[in-house]
2 protein chains.
Amino acid sequence: MDCCPDLDLVAGNELFRGIPVDGLGALLAAAGRKRLASGDVLFRQGDAADSLFLLIEGRLRATQTAPDGQQIIIRYVGPGEIAGYTVLAGGDVHPGTVTAVDDSYLIGCRGDTARRAMERYPVVARNAVILLGRRYHEMQVRLRELSTERVEQRIGHALLRLAHQCGRRTMSGIEIAFPLSRQDLAEMAGTTLHTVSRTLRAWEERGIVDCGRLRVILRKPHALVAIADDGS
Amino acid sequence: MDCCPDLDLVAGNELFRGIPVDGLGALLAAAGRKRLASGDVLFRQGDAADSLFLLIEGRLRATQTAPDGQQIIIRYVGPGEIAGYTVLAGGDVHPGTVTAVDDSYLIGCRGDTARRAMERYPVVARNAVILLGRRYHEMQVRLRELSTERVEQRIGHALLRLAHQCGRRTMSGIEIAFPLSRQDLAEMAGTTLHTVSRTLRAWEERGIVDCGRLRVILRKPHALVAIADDGS
DNA sequence: CGGACTTTTGAAGTAATTCAAGGGGAGTGG
DNA sequence: CCACTCCCCTTGAATTACTTCAAAAGTCCG
């Protein structure tokens with residue numbers, strides 16, 4: 001009798017988890033659906049923040065861009081995660097750009113709907129605090145890594161983080177489950193695509209990774225951990 | 001008839017703002033007071049996160065330390081701000097170390113007291129979401145700066161951020177209102193104290209800043225903005 | 001006045017970027 | 001099915017921004 005196939009997804013979502021079923025129904029009724037093809041932009045940095053999105057399927061990438069056009073990748077968003085947190089936090093514009101890196105399907109609701117859900121269901125507000133606390137903490141760690149580690153370690157940490165977040169076990173190792181270019185990795189690790197290419201190549205020679213166009217497979221994750229954590 | 005001198009401070013605080021007066025009284029009754037001398041540690045990275053603190057007077061510094069001992073400065077905490085956000089976000093240990101950099105006076109409450117306040121007063125949860133959203137956003141910007149800017153710009157941005165957050169206008173310019181070493185600035189900008197020293201020296205020669213032991217005054221903030229934002 | 005910490009400054013070293021050029025895969029359209 | 005084109009990736013060489021190393025000079029405080 002699952003009249004609405006999205007219900008389970010929202011019920012288990014990191015933000016809306018814990019809302020009573022009738023509340024979920026109301027929320028879904030007020031929500032819209034959206035499909036994005038790989039490469040499509042969900043919203044841009046500076047756009048008015050009027051909607052909150054919940055990714056059902058696919059993969060999104062959130063970036064921060066400098067006035068001169070240089071950008072970094074803030075995070076990748078996977079199924080069950082939200083994009084557009086700023087409408088919860090009272091921001092009026094999106095602080096970054098979110099783009100689909102795979103064909104994606106998402107649910108979107110208006111900002112005031114999301115904020116009302118927080119007012120009405122304390123559990124949603126608590127979820128939001130937990131979620132933002134986790135993201136804040138992640139950023140603290142990344143900032144430290146970027147400040148104190150050398151490039152090879154940073155690339156290692158970036159890959160391990162991706163593997164942990166969305167790695168798919170295969171017979172040959174852990175595969176990053178979406179198209180990932182050298183440039184993307186560079187924007188995660190704070191370096192250039194050239195250095196990433198060279199580093200990956202060296203690792204490939206040592207049998208640690210296996211990579212091709214827009215694709216990376218970790219063959220020896222433990223070796224990568226050793227590299228990433230290596231202080232020497 | 002201000003029987004309790006801390007009341008106003010808590011009432012106006014970024015987290016507890018909006019709680020009805022009787023609720024504030026209960027909160028204060030359950031809270032402890034603490035004094036720290038410059039250099040004292042409030043809590044250390046890895047400590048059990050069992051308390052939330054509200055700074056009344058003084059200045060704190062939050063740092064993130066790597067296993068090998070290298071550290072960066074996450075933020076400085078000024079009067080009216082909180083330290084120990086992680087107890088709100090459900091973390092069990094503090095993700096960083098907080099140290100007093102000036103003689104400080106603070107109010108502390110137990111984690112469950114703070115969490116109960118969030119449950120009971122939706123406005124507190126909303127404040128927490130806003131607060132964490134702002135910090136998360138700040139970190140995004142810093143991460144981008146650290147990734148894409150060169151040292152001189154980063155030092156500039158670090159100083160401007162400090163000036164904005166806790167600069168004191170004086171006749172000679174904007175003074176950073178607490179003891180700030182070259183090493184501290186280095187840990188904010190992701191560089192070494194040597195580079196900071198050289199950079200500050202060069203700026204001093206150009207009349208942009210005025211600095212001494214543990215002290216920096218911005219004489220020409222606009223010139224610093226130009227340097228910090230300069231893409232060339 | 002001694003001692004600890006902070007800051008300055010030169011010189012050497014280097015990790016990583018920048019510059020430059022070419023190769024390869026995937027998709028497209030004829 | 002082949003040729004064309006657009007990205008993406010690789011790789012060498014030159015450059016450089018910044019760190020590291022080393023030493024000395026201030027500055028504060030007891």
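Order of the sequence lines fixes the chain letters, A, B, ..., with proteins taken first and strands second; residue numbering starts at 1 for each chain.
A:Thr195 has a side-chain polar atom (N or O) that falls below the 4.0 Å cut-off from OP1 or OP2 of C:dT17. Checking the phosphate oxygens (OP1, OP2) of D:dC9, no side-chain nitrogen or oxygen of A:Ser197 falls inside 4.0 Å.
Using a cutoff of 4.0 Å between basic side-chain nitrogens and carboxylate oxygens, A:Arg154 and A:Glu149 are not scored as salt-bridged. Using a cutoff of 4.0 Å between basic side-chain nitrogens and carboxylate oxygens, B:Arg134 and B:Glu14 are scored as salt-bridged.
A donor-acceptor distance shorter than 3.5 angstrom exists from the side chain of A:Gln45 to the backbone of A:Thr65, with no hydrogens or angles considered.
Counting only heavy atoms from C-beta on, A:Thr191 has its side chain closest to C:dA16 among D:dT19, C:dA16, C:dT7. Considering only the side chain of A:Arg213, D:dC8 comes nearest among D:dC8, D:dT11, D:dT27.
The residue A:Arg182 sits close only to the backbone: its heavy atoms come under 4.0 Å of sugar-phosphate atoms, none of a base. Among the protein residues, B:Leu214 comes within range of the sugar-phosphate backbone only, with heavy atoms under 4.0 Å from sugar or phosphate atoms but none that close to a base. Backbone-only contact: B:Ser181 has heavy atoms under 4.0 Å from sugar-phosphate atoms and none from a base.
In this entry the distance linking CG of A:Leu193 with P of C:dA20 reads 16 Å, nearest Å. Straight-line distance from the CD atom of A:Gln183 to the P atom of C:dT18: 11 Å, rounded to whole Å. Atom pair B:Leu200:CG and C:dT9:C1' shows a separation of 14 Å (rounding to whole Å applied). Counting to the nearest Å, the P atom of C:dG25 and the CZ atom of A:Arg215 are 12 Å from each other. When rounded to the nearest whole Å, the span between CZ of A:Arg201 and C1' of D:dC8 equals 14 Å. In this structure, the CD atom of B:Glu152 is 11 Å from the P atom of D:dA17, given to the nearest Å. Distance CG (B:Leu146) to P (C:dA16): 14 Å, rounded to an integer number of Å. Note: CD1 (B:Ile155) to C1' (D:dC18) measures 11 Å, nearest angstrom.
For A:His194 against D:dT11, a side-chain-to-base donor-acceptor contact under 3.5 Å is present. Residue B:Arg198 places a side-chain atom within donor-acceptor reach of the base of D:dT20, judged by atom type and a 3.5 Å distance cut-off alone.
In summary, the side chains of B:Gln71 and B:Glu187 do present a donor paired with an acceptor at a separation below 3.5 Å, with no hydrogens or angles considered.
For the pair A:Leu106 and A:Leu54, the minimum side-chain heavy-atom distance is 4.5 Å or more.
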